[in-house]
2 protein chains.
Amino acid sequence: MDTSLILQNISKHIQLTPEEEAHFVSLLKPRSLKRKEMLLQEGEVCRYSTFVTQGCLRSYTLDDNGTEHVLSFAPEDWWIADLYSYFSQRPGTLYIEANQPSEVLQLSKDSQEQLYQDIPKFERFFRILIENSLVSNQQRLLDNLSLPAQERYRNFCQRYPSLVNSLPRKQIASYIGVTPEFFSKMMKKMLREQ
Amino acid sequence: MDTSLILQNISKHIQLTPEEEAHFVSLLKPRSLKRKEMLLQEGEVCRYSTFVTQGCLRSYTLDDNGTEHVLSFAPEDWWIADLYSYFSQRPGTLYIEANQPSEVLQLSKDSQEQLYQDIPKFERFFRILIENSLVSNQQRLLDNLSLPAQERYRNFCQRYPSLVNSLPRKQIASYIGVTPEFFSKMMKKMLREQ
DNA sequence: GGCTTTTCTTAACCTAAATTATTTTTTGCC
DNA sequence: GGCAAAAAATAATTTAGGTTAAGAAAAGCC
């Protein structure tokens, strides 16, 4: 189990002693995922926060027509969960699925609560993580309210530069909130114009 | 300065001793706002988290055309801030304005950091506050991606029941992401259909 | 109370994006 | 490498919602 990436991720916000690092690592459960393997489905309780060490996951909902709406992507070095379900430990609405064969480290809700008791610094770490998520989520919401699809695509490229050329276009289309057909037309237009 | 509402708000998530309550209260600065008074403008640094004890505030951006896009409302018992600017202490993009004559209590960023040191329980309190914001913000984003304007309006009514009949319709329209003209047409249609 | 300003409504017209259907291209996989 | 399945492109048609403009209603203010 390779924990260097996650320890580095944590060290961006809090400093841990070697003992604390060891304690944290002991709470992690590694898991391998095949392409298209589901980590979570609608109606299930999200019992883990998941950190991606290799590959890429995505979270999405299905609406009444069965259309997929992508909430987030999690490439290497990102966290992912159905946060409503995770925080409340009630059944959620999100699907979380591996886009590619992936390696992840999982921290259970119980372990996380324990961690807050044992090493209060982690309360700070996860608070900062969530603060950053909230800020970018608010910005994305405002973008969706105020910007045309072209600009939202440009913002997507900023946010996930490593994914622009490796993700199916229909998933990018879903993330920015347009149909694959419209996305295709839009990309052609953007090429023509520059 | 009436602090009963804010202390009650806090007691939903953490228990404070009378001494801790007194310390917390000593950090709060009361402020009165007239209708249309600005608490924050684009380009300014957001130095305070603001708790509304009376009245109602809203946060919004202005786009290139000068069109307003409402991010959030804060009636009594709610918190409001430009979180990007508040967390980073860099110039932000939001306007925060009083919708009506209002009374607020403000906690400066410095005081909040100090509070984390003095009474670590507050780290938990604000973490939970932000967790809840993030969850509802993600849900609103997914609603914007997947639901027609009518459904988004119904969700608005759920979220802010106290505001449905007291807010200018153009602000509600902006919050759900449509023009006032379309909103007016939509409301007429909804009445016809039920 | 009257005057100004803002908000709300209505209606005609317009456009970004959705839908449906078909074909072509790419990808995953044994 | 070949085949099935998924993804992408194209095009015709439709629609949700935007724009423009103008009048009616309501709210704020001395």
Side-chain angles (χ1 to χ4, degrees), chain A residues 33-38 55-56 58 60 62-70 73 97-102 143-154 156 163-193, chain B residues 33-38 55-56 58 60 62-70 73 97-102 143-154 156 163-193:
Chain A
L33 297 166
K34 293 181 206 150
R35 195 181 110 88
K36 297 207 176 184
E37 190 172 343
M38 292 279 189
C56 180
R58 77 180 194 287
Y60 61 92
L62 293 182
D63 67 18
D64 299 344
N65 311 313
T67 305
E68 177 180 320
H69 300 276
V70 174
F73 298 105
E97 185 180 333
N99 256 345
Q100 320 163 12
S102 301
D143 287 353
N144 273 282
L145 292 174
S146 62
L147 299 179
Q150 276 195 25
E151 297 304 315
R152 301 202 301 272
Y153 174 68
R154 292 210 176 87
F156 165 82
L163 298 183
V164 178
N165 296 308
S166 69
L167 235 42
R169 290 189 159 192
K170 61 180 297 194
Q171 286 182 17
I172 302 180
S174 169
Y175 180 91
I176 67 173
V178 296
T179 58
E181 293 84 355
F182 182 78
F183 186 75
S184 182
K185 189 159 53 171
M186 188 184 83
M187 290 301 277
K188 211 172 101 183
K189 186 173 158 240
M190 286 176 81
L191 267 176
R192 258 205 323 275
E193 287 174 354
Chain B
L33 297 166
K34 293 179 206 151
R35 196 180 110 89
K36 296 206 176 187
E37 190 171 343
M38 291 279 191
C56 180
R58 77 180 193 285
Y60 61 91
L62 294 182
D63 68 17
D64 299 344
N65 311 315
T67 306
E68 177 180 319
H69 300 275
V70 174
F73 298 105
E97 185 179 334
N99 255 345
Q100 320 161 13
S102 302
D143 288 353
N144 273 283
L145 292 175
S146 61
L147 299 179
Q150 276 195 23
E151 298 303 315
R152 302 204 302 273
Y153 173 66
R154 293 211 176 88
F156 165 83
L163 298 183
V164 178
N165 295 307
S166 69
L167 235 42
R169 290 189 159 191
K170 61 181 295 197
Q171 287 182 16
I172 301 180
S174 169
Y175 179 91
I176 68 172
V178 297
T179 59
E181 293 85 354
F182 182 79
F183 186 75
S184 184
K185 188 160 51 172
M186 188 183 81
M187 289 300 277
K188 212 172 100 182
K189 187 173 156 242
M190 287 176 80
L191 268 177
R192 259 206 321 274
E193 288 173 355

Peer 1: Between A:Arg152 (CZ) and C:dA16 (P), how many Å, whole number?
Peer 2: 13 Å

Peer 1: If you go through the side-chain atoms of B:Lys185, does one of them form a donor-acceptor pair with the base of D:dG18 closer than 3.5 Å?
Peer 2: yes

Peer 1: Is any side-chain N or O of B:Thr179 closer than 4.0 Å to OP1 or OP2 of D:dG18?
Peer 2: yes

Peer 1: Base, sugar-phosphate, or nothing: which does A:Pro180 touch, judged by heavy atoms less than 4.0 Å apart?
Peer 2: nothing

Peer 1: Within this structure, what is the CZ-to-C1' distance between B:Phe183 and D:dA16, rounded to whole angstrom?
Peer 2: 16 Å

Peer 1: For C:dT9, does OP1 or OP2 lie under 4.0 Å from any side-chain N or O of B:Arg169?
Peer 2: yes

Peer 1: Round to the nearest Å and state the distance from A:Glu181 atom CD to D:dT13 atom P.
Peer 2: 17 Å

Peer 1: Between C1' on D:dA7 and CG on A:Asn99, what's the gap in Å once rounded to a whole number?
Peer 2: 13 Å

Peer 1: Of all the nucleotides listed (C:dA17, D:dG17, C:dT7), which has the minimum atom distance to the side chain of B:Lys170?
Peer 2: C:dT7

Peer 1: Side chains of A:Pro101 and A:Arg35: closer than 4.5 Å at any heavy-atom pair?
Peer 2: yes

Peer 1: Nearest-Å distance, CE (A:Met187) to C1' (C:dT25)?
Peer 2: 16 Å

Peer 1: Between B:Lys36 and A:Gly177, which is nearer to the 5' end of DNA chain C once each is assigned its nearest nucleotide?
Peer 2: B:Lys36

Peer 1: What's the closest nucleotide to the side chain of B:Ala149 if the choices are D:dA7, D:dG17, D:dG28?
Peer 2: D:dG17

Peer 1: Do the charged groups of A:Arg58 and A:Glu97 touch, with an N to O distance under 4.0 Å?
Peer 2: yes

Peer 1: Between D:dG18 atom C1' and B:Asp63 atom CG, what is the distance in whole Å?
Peer 2: 13 Å

Peer 1: Compare the minimum distances between each of D:dG17, C:dT9, D:dA7 and the side chain of B:Val178, then state the nucleotide with the smallest one.
Peer 2: D:dG17

Peer 1: Grab the CZ-P distance between B:Phe182 and C:dA11 for me, whole Å please.
Peer 2: 16 Å

Peer 1: Select from B:Gln150 and B:Arg35 the residue whose nearest nucleotide in DNA chain D is closer to the 5' end of that strand.
Peer 2: B:Gln150

Peer 1: Please determine whether a side-chain nitrogen or oxygen atom of A:Lys188 lies at a distance below 4.0 Å from atom OP1 or OP2 of D:dT10.
Peer 2: yes

Peer 1: Would you say the side chain of A:Glu151 lies within less than 4.5 Å of the side chain of A:Pro148, judging by non-hydrogen atoms?
Peer 2: yes

Peer 1: Can you confirm whether A:Leu167 sits close enough to A:Tyr175 that some side-chain heavy atom of one is under 4.5 Å from a side-chain heavy atom of the other?
Peer 2: no

Peer 1: Taking atom P of C:dT10 as reference, at what distance in whole Å does atom NZ of B:Lys189 sit?
Peer 2: 15 Å

Peer 1: Report yes if the side chains of B:Tyr153 and B:Leu147 come closer than 4.5 Å at any heavy-atom pair, otherwise no.
Peer 2: no

